[in-house]
Each structure stands twice: as C-alpha cells, then as structure tokens.
Amino acid sequence: MTTFTTRSDLHDLPSISIESSSAIRIKYWTVQEYHRMCDLGILDPTERTELIAGHIILMTAKGTPHVITLQLLATNIQEQLGRSALIRTQDPIRLDNFSEPEPDLAIVKGSILDYAERHPEPENIYLVIEVADSTLKQDCEVKDKLYARWRSLSLENRISRNTG
C-alpha cells in the first residue's frame, strides 16, 4: 500500500491509502468543487457521499442496529442537554476546505436557523460521535484522525446543561 498526499496544504489531513505499482497523481476536491458537482448532477443524489480529505467517499448503507443506536443516542443526549445545544444527526459539518464529513451525531452551538446558510464549523462543534459497525475500520483509521485535528478547538467549547 502506498499513501499519496501531494498538496502541501493537505499535509495534516489523514491520508487514504491506494494500492499502486507506479506513482499516480490524485485530484483532491475542495468543498466548493464537491458542492458544484452535486448542483450539476455529476454526483448521483441517491448515493450518499461525503468529502473526506479531498476524497469523495461513498457512504455505507445504515443497518437496523446502527439506526436504533443513533436514535437512542440522539434522544438521550437531547433530553440531557435540553435547549443548550443542537443535536444534528448524519448532517454535514465543514472542517476545512477539503473535508465535509457527515458524522452520525454532532452536538453543536446554537439553533437550527444558525445553520440555514452554512454547515457548522470547528468553532461551532462541541462533540462528534460516529456509530460504527461495518465502518469501524474506516472510522478508526480515517475519520478519527480527521476529527482529532480539531480537538484543540472543540476543547474550548463548553455546554451548560439545562437543568430547568
């Protein structure tokens, strides 16, 4: 396995391994290019995709245990937090110009209308949760590194529990 990361502005992003016997050049897509492809119908709207480190990733179908686990988590967390934070499930977050993952659950600042024209960014995010069964390897090898880049920003965020 050879790992290719060719752009200097991507040096801190998690790399995705590609098997190859010869050197190849890889196009890293930006969030803007990714959205444009969606708008133009280049990406099939029935296929769930996310942009990770400049790569367009096809997302795995959700099984029943995954769906139930996520619903239980979201419900329990929302009951605990009340209106002190917004719970988003399987919605995009924008981490940088090359990554717009769709974590299973994100706890973010503000209300729904705060994100009417943009997705939450690192300074808006308290916590990201991935529920993994069939995607455990990818989540541990790629997404955890991607999310870890923003850990110092998220540590500064605080949630005050609504006790009323």
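The closest side-chain heavy-atom distance from Val142 to Ile52 is below 4.5 Å. Contact of the Leu95 side chain with the Ile125 side chain is registered, since non-hydrogen atoms from C-beta on lie closer than 4.5 Å. Contact check for Leu86 versus Ile112: side-chain heavy atoms found under the 4.5 Å cut-off. Contact of the Ile129 side chain with the Pro103 side chain is not registered, since no non-hydrogen atoms from C-beta on lie closer than 4.5 Å. For the pair Val131 and Val67, the minimum side-chain heavy-atom distance is 4.5 Å or more. In this structure, the side chains of Arg88 and His119 come closer than 4.5 Å at one or more pairs of heavy atoms. At a threshold of 4.5 Å between non-hydrogen side-chain atoms, the residues Val108 and Tyr115 count as touching. Met59 is not listed as a side-chain neighbour of Thr49, based on a closest heavy-atom distance of 4.5 Å or more.
Partners of Glu50 under the salt bridge (Lys or Arg N to Asp or Glu O under 4.0 Å) rule, at least two apart in sequence or in another chain, are Lys143. For Glu100, there are no salt bridge (Lys or Arg N to Asp or Glu O under 4.0 Å) partners two or more places apart in sequence or in a different chain.
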Exercise for the section: Could you check Gln90 against Lys62 for side chain to side chain contact (heavy atoms under 4.5 Å, CB included), going step by step and ending with a plain yes or no? Expected result: CA-CA 11 Å; Gln90 300 177 326; Lys62 300 173 282 188; 3.0 Å; yes
Handout entry: Trp29 and Leu51: CA distance, side-chain angles, deciding distance, side chain to side chain contact (heavy atoms under 4.5 Å, CB included) verdict
Key = CA-CA 8 Å; Trp29 301 102; Leu51 186 66; 4.0 Å; yes
Exercise for the section: Begin from the C-alpha positions of Gln32 and Met37 and carry the test side chain to side chain contact (heavy atoms under 4.5 Å, CB included) through to its verdict. Expected result: CA-CA 9 Å; Gln32 293 81 9; Met37 286 188 278; over 6 Å; no
Exercise for the section: Test side chain to side chain donor-acceptor pair (under 3.5 Å) on Arg118 and Asn124 and set out the steps. Expected result: CA-CA 11 Å; Arg118 66 175 181 84; Asn124 310 119; 3.1 Å; yes
Exercise for the section: Tell me, with the steps shown, if Thr30 and Phe98 meet side chain to side chain contact (heavy atoms under 4.5 Å, CB included). Expected result: CA-CA 5 Å; Thr30 66; Phe98 296 93; 3.7 Å; yes
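Note on Leu73 and Ile68: separate hydrophobic clusters, where clusters join Ile, Leu, Val, Met, Phe, Trp and Tyr whose side-chain heavy atoms are under 4.5 Å apart, directly or indirectly.
Surrounding CG of Leu40 are more than 12 heavy atoms belonging to other residues, nucleotides or ligands, all under 6.0 Å away.
Residue Leu127 holds its CG atom at 7.5 Å from CG of Leu105, rounded to the nearest 0.5 Å. Going from atom CD1 of Ile56 over to atom CD of Glu47 covers 10.5 Å, rounded to the nearest 0.5 Å. Considering CD of Glu102 and CD of Glu130, their distance stands at 10.0 Å, rounded to 0.5 Å.
In terms of heavy-atom proximity, Asp104 sits nearest to Leu70 at O-CD1, 3.4 Å. Closest non-hydrogen pair, Ser84 versus Leu81, comes out as OG-O, 2.7 Å. Shortest non-hydrogen contact noted between Arg48 and Thr60 is NH1-O, 3.6 Å. Nearest approach of Pro120 to Pro92, heavy atoms of both residues: CD-O, 3.7 Å. Contact detail for Ser99 and Ala53: the closest heavy-atom pair is OG-N, 2.8 Å.
A salt bridge does not link Lys109 with Glu121: none of the charged nitrogens is closer than 4.0 Å to a carboxylate oxygen.
In this structure, Tyr28 and His55 have perpendicular ring planes: the angle between them is above 60°, well past the 30° mark.
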